[in-house]
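Reading through the structure tokens given below for one structure.
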There are 2 protein chains.
Amino acid sequence: MPTPQGKPARASRAPRTPRDGAGPKRATVQEVAEAAGVSTATVSRVLNGNYPVAADTRRRVEQAVRTLGYVVNAQARALAGSRTRTVGIIVEDIIDPFFGFIARGVQRQAAEDGKLCLVCSTYGVAGGELDLIDSLREQRADAVIVVGGGVEDPAYRRKLADRAHALNQDGSWLVLCGRPPLAADVPAGVVDYDNTGGAHAITDYLLGQGHRRILYIGGLDQMSVHRARVAGFRRAYASRGLEVDERLIQPGPFSRRLGYERTAQLLRDGSAGQFAAVFGANDGVAVGAMQALREAGLRIPQDVSVVGYDDIPLAAEVTPALTTVHLPLEQMGREAVRLAVALRGESDGPTDTRHVGTHVVIRDSTAPAPAS
Amino acid sequence: MPTPQGKPARASRAPRTPRDGAGPKRATVQEVAEAAGVSTATVSRVLNGNYPVAADTRRRVEQAVRTLGYVVNAQARALAGSRTRTVGIIVEDIIDPFFGFIARGVQRQAAEDGKLCLVCSTYGVAGGELDLIDSLREQRADAVIVVGGGVEDPAYRRKLADRAHALNQDGSWLVLCGRPPLAADVPAGVVDYDNTGGAHAITDYLLGQGHRRILYIGGLDQMSVHRARVAGFRRAYASRGLEVDERLIQPGPFSRRLGYERTAQLLRDGSAGQFAAVFGANDGVAVGAMQALREAGLRIPQDVSVVGYDDIPLAAEVTPALTTVHLPLEQMGREAVRLAVALRGESDGPTDTRHVGTHVVIRDSTAPAPAS
DNA sequence: CTGAAAGCGCTTACAG
DNA sequence: CTGAAAGCGCTTACAG
């Protein structure tokens, strides 16, 4: 009946008494059982298909399910069972292709395994990872996948290790994806790749082309990824008995803007000396550097060679196409989920580490050093 | 004790009897209550902070929580309460910036509201949306946000409407983001923008620059977004009393590759006649077209003007920077979550539609038509 | 192959 | 301000 007042009849905030006629309502196993004339146990068994049920009984149940439009209540199922069929993934920013592709791999593998993904982003907030792991623990995610290079700070690593133990207690697992292991006694899975080796390989390629003064741009000291890449850069020089001019190592956030601005500045003020090659700590940095070089009237690769890291699609799309280190990002995401599934098999196995391979992709942004 | 055989001591698949010593174990409210010397009701009340509790009692409980490392069990909470504090979002592909930015907005707003996001992708599989909505319904997501242009097929829209009703039954809501409403009687939220108006505006801008033969590339007939954009394109011509040469409308998937290949082909075989402007149905298509034009020796914008749609970062990064229609993608995502929250306030309100504004961004890829 | 019943870990009227 | 108790909707030994 219409409300006497002209106000819209919106549900008053009366306390929800159980089943007061209004309020949300969806069919339950109970109702399906009644409709099919069987017990709830039987309904559960046909729903899960994990136990023999007479063909005829099964049919009656399936019929009832259809008629009532029944859908299982995942929370009730998770509470009664032991798994939530959910995996959590924590990235810095879903819009960054590095994270985006890994997240895509995680999603796809999870979907194939009948799981759903809880995706969280830290947006670079310090400690954001920790809080998100806690939220995901509340959700009892079957696994929590933390993506990307981690902070090297020992205090932080200890906190992360605590989370790993807590998750493991709960029967879940922490999986580090693109980050080195925490410690031997920490129950966590790891999917990693060889940053040092990749940086070594691409630096050595440049060195082999006759380049000696390579400007290395990008990376923050606390990040494991950065330290490993710089280490590879240095080692390549060392392998050939060459020295690195420290002025050529220019740290900063992994961003296109950094590549652009730092390159432009060094070109302008010459404070790092000359250079005829640029190593961007990731593809974005490299592309930013390319733009600055071009604006300064330098040709790529005739005057300056440029390389990146990661091989996101952008690398192949710019002109000239960028020489870089290929990372199987999507595969890393898939691997992380597979590893988590494997680990749950063990009651509390040791840390398990999986390595994925990388390789240098030579495109058009590199050439032999100009004769000086 | 070590297993007699040399095999690794992995937990045998014995049936999990309740609390058999091994197995995952985490503290419960029960245990916190005992440790604090109060009832579980009281623990729940301090945890949720939604009810007065004596300061001293509160302290004891908080202490116990800390000591035991207690974390709430979200499934149990959701089962006992009525909300899951979870929102589901369905996109085509998280790696596509159009979807990525919307997903980011959804995530951020959800995080601010204390909710977690279940992110799903269809990867363009027909009907994928429907299945994913069902999964999200199992999860009892507080809202299910479906992103991007929808299929116009009436049968499909009917199925979607069924899902909307089902969700509404459950006390949840379907929210369409970047897609027109289904029908007046369907309980679903809508966050949309004016595709026709945007396409009209940017086409009119080109027309105002003296262009008459504008090549329109991209879009599939079944997609609502495409139909609306083409309608705007046509209307701009009509407003000025001009005719559209149908050969200049070239449909296809929204992809960089389409822009590149179709443009290259038309330049080669001339089957669409001449054109001195290209309207890419989205920025990716436009950038692909730019590449083909450049390879054909044409200058942008001196010889050919190019415009796109969406204004993803790529648009500002290419050279010359692309004139396009700006969409507040991240804001759309946020709006979708806010709308969902608002809708849950009503027991079953009518369809609620929110419009976000768009505008043309003029950059360097457009210029007056060359004198012919 | 099937059912009765306990239990998963919370929240929330209800009663003090 | 606090507690006893019911109930959320499933799954899973246990017993036939």
Side-chain angles (χ1 to χ4, degrees), chain A residues 13-20 23-34 36-61 65 68 70-85 137-140 170-171, chain B residues 13-20 23-34 36-61 65 68 70-85 137-140 170-171:
Chain A
R13 296 273 295 104
R16 301 178 325 114
T17 36
R19 293 293 143 260
D20 61 352
K25 181 76 181 82
R26 52 150 65 168
T28 66
V29 266
Q30 193 60 254
E31 298 170 59
V32 173
E34 278 161 26
V38 299
S39 72
T40 60
T42 299
V43 174
S44 172
R45 294 198 265 254
V46 347
L47 251 28
N48 290 292
N50 54 358
Y51 220 79
V53 173
D56 179 55
T57 310
R58 172 189 314 285
R59 212 150 338 162
R60 290 213 313 286
V61 171
V65 164
L68 294 161
Y70 172 79
V71 209
V72 72
N73 176 320
Q75 276 77 40
R77 169 181 277 174
L79 186 57
S82 52
R83 298 151 40 242
T84 56
R85 305 185 195 188
R137 192 152 93 83
E138 283 187 0
Q139 294 291 332
R140 298 198 316 149
D170 296 355
Chain B
R13 295 275 293 104
R16 299 178 329 113
T17 36
R19 293 290 145 263
D20 61 353
K25 179 78 182 80
R26 56 151 59 170
T28 66
V29 266
Q30 192 61 255
E31 297 170 62
V32 173
E34 279 161 24
V38 299
S39 72
T40 59
T42 299
V43 174
S44 173
R45 295 197 263 254
V46 347
L47 251 27
N48 290 292
N50 54 356
Y51 219 80
V53 174
D56 179 57
T57 309
R58 173 188 313 282
R59 213 152 339 170
R60 289 213 314 285
V61 171
V65 164
L68 294 162
Y70 172 80
V71 209
V72 73
N73 177 321
Q75 276 77 39
R77 168 180 278 174
L79 187 57
S82 52
R83 300 150 40 240
T84 56
R85 305 185 194 190
R137 192 152 91 86
E138 285 188 359
Q139 295 291 332
R140 299 198 317 150
D170 296 356

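Since we're looking at a predicted model, the values are computed, not measured.
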message: Given a 3.5 Å cut-off on both pairing distances, which stems involving DNA chain C, each at least three consecutive Watson-Crick or G-U pairs, are present, if any?
response: C:1-3 with D:14-16, C:5-12 with D:5-12, C:14-16 with D:1-3

query: Are A:T57 and C:dT2 close enough that a side-chain N or O sits under 4.0 Å from OP1 or OP2?
result: yes

- request: Ignoring backbone atoms, test whether B:T28 places a side-chain nitrogen or oxygen under 4.0 Å from the OP1 or OP2 oxygen of C:dG9.
  value: no

message: Regarding B:A41, tell me which of base, sugar-phosphate or nothing describes its non-hydrogen contacts under 4.0 Å with the strands shown.
response: base

field: Interatomic distance, A:N50 CG vs C:dT2 C1' [rounded to whole Å]
entry: 14 Å

message: Tell me the interatomic distance from A:Q30, atom CD, to C:dA6, atom P, rounded to whole angstroms.
response: 15 Å

Side-chain heavy-atom pair A:L68, A:V32 within 4.5 angstrom cut-off: yes

message: I want to check something: taking the side chain as every heavy atom from C-beta on, are B:R26 and A:R137 in contact at a cut-off of under 4.5 Å?
response: yes

task: Please state how far atom CG in A:L47 lies from atom C1' in C:dT2, giving the value in whole angstrom units.
output: 16 Å

query: When the P atoms of D:dA5 and D:dC1 are considered, how many whole Å apart are they?
result: 24 Å

Same-atom distance (C1') from C:dG16 to C:dT12, integer angstrom: 16 Å

- prompt: For C:dC10, does OP1 or OP2 lie under 4.0 Å from any side-chain N or O of B:Y70?
  reply: yes

field: N-O pairing of B:R140 and B:D170 below 4.0 Å
entry: no

task: Give the nucleotide from the list C:dT2, D:dA5, D:dG9 with an atom nearest to the side chain of A:A76.
output: D:dG9

- prompt: To the side chain of B:V29, which of D:dT2, C:dC10, D:dC10 is closest?
  reply: C:dC10

field: Spacing of A:E34 atom CD relative to C:dT2 atom P, expressed in whole Å
entry: 18 Å

task: Determine: side-chain N/O of B:S44 to OP1/OP2 of C:dT11, distance under 4.0 Å, yes or no.
output: yes

task: Let me know, please, whether B:R45 or B:V71 comes out on the 5' side of the other along DNA chain C by nearest nucleotide.
output: B:V71

task: Quick one: list whatever passes side chain to side chain contact (heavy atoms under 4.5 Å, CB included) with B:Q30, sequence neighbours left out.
output: B:T28, B:E34, B:T40

message: On the nucleotide D:dG3, are OP1 or OP2 found under 4.0 Å from the side-chain N or O atoms that B:T42 carries?
response: yes

message: What is the separation between atom CZ on B:R83 and atom C1' on C:dC10, rounded to the nearest whole Å?
response: 14 Å

- request: Output, in order, the C-alpha distance, side-chain angles, deciding distance and verdict of side-chain contact (heavy atoms from CB on, under 4.5 Å) for B:V29 and B:Y70.
  value: CA-CA 8 Å; B:V29 266; B:Y70 172 80; 3.6 Å; yes

field: Separation of atom CG in A:N73 from atom P in D:dG7, rounded to whole Å
entry: 18 Å

- prompt: For A:A74, does its backbone N or O pair with a side-chain atom of B:Q139 as donor and acceptor, under 3.5 Å?
  reply: no

Nearest-nucleotide 5' precedence on DNA chain D, B:S39 against B:L79: B:S39

- prompt: Using atom P of each nucleotide, how far apart are D:dA6 and D:dT2 to the nearest Å?
  reply: 23 Å

query: Rounded to whole angstrom units, what separation is found between the CG atom of A:N48 and the P atom of D:dA13?
result: 13 Å

query: Could you walk me through whether A:L79 and B:N73 pass the side-chain contact (heavy atoms from CB on, under 4.5 Å) check?
result: CA-CA 9 Å; A:L79 186 57; B:N73 177 321; 4.1 Å; yes

query: Base, sugar-phosphate, or nothing: which does B:V38 touch, judged by heavy atoms less than 4.0 Å apart?
result: sugar-phosphate

query: If each of B:Q75 and B:Y51 is mapped to the nucleotide of DNA chain C with the nearest heavy atom, which maps nearer the 5' terminus, i.e. the 5' end?
result: B:Q75

task: Can you tell me the distance, in whole Å, between the CZ atom of A:R26 and the P atom of D:dC8?
output: 14 Å

field: Pairs flagged by salt bridge (charged side-chain N to carboxylate O under 4.0 Å, His left out) wherever residues 45-59 of chain B is involved - sequence neighbours left out
entry: B:D56-B:R60

